[in-house]
Every structure is written in C-alpha cells, then in structure tokens.
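What you are looking at is a predicted structure, and each value in this text was computed from that prediction instead of being measured. These numbers come from the heavy atoms of this one structure, side chains and all, not from hydrogens, waters or symmetry mates.
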Amino acid sequence: APDMAYIDPLAALLSSSDGGSAESLLVRATITSWNTVTGANTVSANGVVYTDLPFLGSLSDLGAGTALLILSSGAPPVILGLIRFPPI
C-alpha cells in the first residue's frame, strides 16, 4: 500500500485553493543554472526567476537549458520533471 504520509501533501499541492484546475498550476520553465553536485539551481518561468527550487528526480537528469514543468501552487514551487520532445 502507498505511504499516505506522502500522498496527502501531494494531493494538497495539486488542489487549487482558488477553485482553479490543476492544469493552471503546472508551468513550463527552463533551468538557467544547475549544480550537478549540490542541486543548487536557478529556474526561469514566465519572466520570474526562482533560486534553489526543490525537485523530483536525480541530480544528473537536469541541467542548464533543460525545459521542465514546475508545480506553482506551493511556496516555493517544485520542479516536477523534464519535458522531453520526441524523438529522444
């Protein structure tokens, strides 16, 4: 069975408190700097620059110039993962 300690906070993040849809909370962003050792990062999304966003996945999966999705409902937003365009 899944660990509910992780599912409940994730469900809360995906729920919009203002009645909007979850899709409106997902934002395309680009990594402008990435430290593959520490995960320190700078991300640009819709003209806003974020520093040291938490992320899902491996340090080696991400890097400067990578297109990704961020979940913008939390404070701070969270990097959900890469956007990959076929062919890969």
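- Checked against Ile79 for a side chain to side chain contact (heavy atoms under 4.5 Å, CB included), the options Leu56, Thr66, Leu71, Val43 give a single hit: Val43.
- Residues Arg28 and Ala67 come closest through the heavy atom pair NH2-CB, 3.7 Å.
- For Thr32, the side chain to side chain donor-acceptor pair (under 3.5 Å) criterion is met by no residue, not counting sequence neighbours.
- With sequence neighbours left out, the side chain to side chain donor-acceptor pair (under 3.5 Å) criterion links Ser33 to Thr42.
- For the residue pair Ser72 and Pro77, the shortest heavy atom distance occurs at CA-CB, 4.1 Å.
- Here CG of Leu25 is found 10.5 Å from CG of Leu80. Values are rounded to the nearest 0.5 Å.
- Checked by atom type and distance alone, the side chain of Asn41 never pairs as donor or acceptor with a backbone atom of Asn35 at under 3.5 Å.
- Looking at residues two or more places apart in sequence or on another chain, you find a side chain to side chain contact (heavy atoms under 4.5 Å, CB included) between Leu59 and Trp34, Phe55.
- Remark: Asp52 pairs with Ala40 by the side chain to side chain contact (heavy atoms under 4.5 Å, CB included) rule, at least two apart or across chains.
- Contact record, Val27 with Ala45: CG1-CB, 3.9 Å, taken as the closest heavy-atom pair.
- Summarising the geometry of Gly81 relative to Leu68, their closest heavy-atom pair is O-CB, 3.0 Å, with the distance given to 0.1 Å.
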